A.B. asks: 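The following block contains the structure, expressed as C-alpha cells.
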Amino acid sequence: MPPSPTPVILDVDTGVDDALALLLAATSPHLNLIAVTCVHGNVTLDQVVPNTLNVLHHAGRTDVPVAAGLDRPLVEPPRHARGVHGDNGIGGLELPTATRTPEDTHAVEYLRRTILDAQQPITLVPLAPLTNIATLLTEHPEVKANIERIVFMGGAIGTGNASASAEFNVRQDPEAADIVVQAGIPTTMYGLDVFHQVAVTRPQAEALVATNRPAAELAGRLLLAQMQNYGRDSTLIGDAGALASVIEPNALTTSPHPVRVELDGAWTRGQTVVDQRPHATADREEPWQPPMNTTIHVATHVDHARYQQLFLETVTN
Ligand code: RIB
Ligand code: CA
C-alpha cells in the first residue's frame with residue numbers, strides 16, 4: 001500500500017523557481033497541495049499573487065486555494081530581485097490570466113485556520129522570505145502542534161547570494177528567519193549549499209516544452225527563460241529542489257546543528273550561523289556567546305541527479 005500523499009502548504013514569492021516548485025507540487029502524486037500562501041520577495045506581493053494564480057491555472061490546479069500575506073518584512077525595508085526573476089517575476093513570460101481571485105482571508109489567518117483544522121499534521125514549505133511564517137508562529141503558537149515539520153529554502157552554511165554571507169530569503173527578513181529557526185518545530189534548512197547543485201540542461205528543458213503537457217511546457221519555458229537571462233545552457237530548479245526533498249527525503253543528507261540568524265553584523269546581517277563545532281570542543285571553554293538553543297536539520301549534500309530526474313518526470317506526468 002503506497003503511503004498517502006503528504007499534506008503540504010507552500011509559502012511563495014513567485015518567482016521563476018517558486019513557479020517550478022508550484023508545478024512540481026501541482027503534479028506530484030506524493031503531495032496533497034492543501035494551499036499556497038504568498039509573501040513579498042522576488043517581486044512585490046501584488047505581482048506574486050497573480051503569478052501564483054496564473055501558474056496554478058496553467059497547471060490545471062484552480063482547486064488549490066491561494067491567500068495573500070504580508071507585503072513587507074518585519075523590520076527590513078522591502079527589496080526585490082527583478083534582475084534574477086524579470087520585471088514580472090516569471091522571467092518575462094506572459095501567462096493566461098487566471099479567472100479566480102485569491103482567498104478573502106489574509107494568509108496568516110488562512111494558515112492558522114487550515115493548520116488547526118487539518119486531520120493530519122501539515123508540512124510547511126516556505127520558499128520565500130519567512131515573514132508570513134514568523135508572523136503565524138508568533139501570533140498563533142497553537143498551530144505548532146499540528147505542523148509536521150518545516151522544510152524551508154533559505155540560508156547557507158557557506159557563501160551567500162544576496163551578500164557574501166546571506167542568502168536572499170533570509171536577508172530579506174532576518175528577524176522572521178530567526179523566529180522560525182527558534183520556534184522548536186522540526187525544521188529542515190535547504191540552503192544554498194544544496195540549492196546550487198540541482199540543475200537541468202537546455203535539451204531537457206526543450207524536451208519539456210515539446211511534451212505539450214501544460215505543466216511540463218511551462219516548466220520548460222521558465223527554465224529556458226532563465227538560461228536566456230544568464231546566457232547559459234543549464235539552470236537551477238531552485239525552490240523545486242526543496243520541495244523534491246519533501247517527496248524523496250532520502251536523496252537529501254542533513255545534519256543536526258544549532259542555527260541562529262545574525263541580525264546586527266554590518267557585513268553579516270541575514271547570515272545563518274550554523275554551529276558545526278564538535279560538541280566537546282564547544283563545551284571546553286567559557287562560552288563567548290549565549291547558547292543558540294536551536295537545533296535544526298541542515299542540508300549538507302543532495303543527490304542532484306535524482307532530484308533532476310524527479311522534477312523532470314513528475315511535471316511531465
Ligand atoms: O536565494 C534563493 C531564494 O530567493 C529562492 O527562493 C528564490 O526564489 C528567492 O526567493
Ligand atoms: Ca522563492
Side-chain angles (χ1 to χ4, degrees), residues 8-25 36-45 47-49 51-52 55-56 66 68-73 76 78-93 107 124-134 150-174 176-177 180 188-199 219 222-223 225-226 229-230 235-246 261 269-272 298-299 302 307 311:
V8 297
I9 296 177
L10 271 57
D11 190 68
V12 297
D13 60 336
T14 311
V16 171
D17 59 331
D18 303 73
L20 296 174
L22 286 167
L23 292 169
L24 179 59
V36 179
T37 51
C38 299
V39 71
H40 69 88
N42 289 318
V43 288
T44 56
L45 180 67
Q47 289 178 292
V48 169
V49 172
N51 286 349
T52 303
V55 168
L56 289 170
V66 173
L70 289 131
D71 67 356
R72 70 198 64 209
E76 186 76 20
R79 288 188 57 167
H80 307 295
R82 291 192 172 90
V84 173
H85 297 269
D87 288 342
N88 72 352
I90 46 171
L93 298 190
L124 283 185
V125 186
L127 303 171
L130 289 155
T131 316
N132 283 346
I133 309 304
I150 295 174
V151 178
F152 76 95
M153 192 282 125
I157 300 169
T159 306
N161 56 2
S163 72
S165 56
E167 177 278 326
F168 179 86
N169 287 334
V170 175
R171 183 63 188 85
Q172 281 280 72
D173 197 339
V180 172
T188 297
M189 180 176 110
Y190 187 94
L192 292 177
D193 321 276
V194 291
F195 176 95
H196 281 147
Q197 294 187 36
V198 190
L222 287 160
L223 291 160
Q226 285 304 72
N229 185 19
Y230 287 103
T235 195
L236 301 175
I237 67 168
D239 287 334
L243 187 63
S245 78
V246 177
V261 177
R269 175 163 163 80
Q271 178 180 11
T272 46
V298 178
V302 61
Y307 283 174
F311 176 78

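Both ligands and their constituent atoms are indexed starting at 1 by order of listing. A quick note: this is a predicted structure, and the numbers were derived from the prediction, not measured.
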A.B. asks: Which distance, rounded to the nearest 0.5 Å, do you find between the CG of N88 and the CG of L93?
C.D. replies: 7.0 Å

A.B. asks: So which protein N/O/S atoms does the Ca ion (ligand 2) have within less than 3.0 Å?
C.D. replies: D13 OD1, D18 OD1, D18 OD2, L127 O, D239 OD2

A.B. asks: Donor-acceptor pair, D17 side chain versus A240 backbone, under 3.5 Å?
C.D. replies: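 Not at all, since once roles are kept as given, no pair shorter than 3.5 Å links the two residues.
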
A.B. asks: Return yes if a side-chain donor-acceptor contact under 3.5 Å exists between T44 and H80, otherwise no.
C.D. replies: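 The answer is no; no qualifying pair exists.
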
A.B. asks: If we ignore hydrogens and angles and just use 3.5 Å, is the side chain of N51 paired with the main-chain N or O of Q47 as donor and acceptor?
C.D. replies: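 Yes: the side chain of N51 pairs with the backbone of Q47.
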
A.B. asks: Using a 4.0 angstrom limit on heavy atoms, which residues are close to ligand 1?
C.D. replies: D13, D17, D18, N42, H85, L127, M153, N161, E167, F168, N169, F195, D239

A.B. asks: Answer whether the closest heavy-atom distance between the side chains of H85 and I90 falls below 4.5 Å.
C.D. replies: no

A.B. asks: Looking only at side-chain N and O atoms, does R72 offer a donor or acceptor that is under 3.5 Å from a partner on Q172?
C.D. replies: no

A.B. asks: Please determine which of D239, I133, L130 meets the side chain to side chain contact (heavy atoms under 4.5 Å, CB included) test together with F152.
C.D. replies: L130

A.B. asks: Tell me the closest heavy-atom pair linking A19 and L222, and the distance in Å.
C.D. replies: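 Looking at all heavy atoms of both residues, the shortest contact is CB-CD1, 3.7 Å.
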
A.B. asks: Check whether the side chains of N42 and D18 place a donor and an acceptor atom closer than 3.5 Å, and report yes or no.
C.D. replies: yes

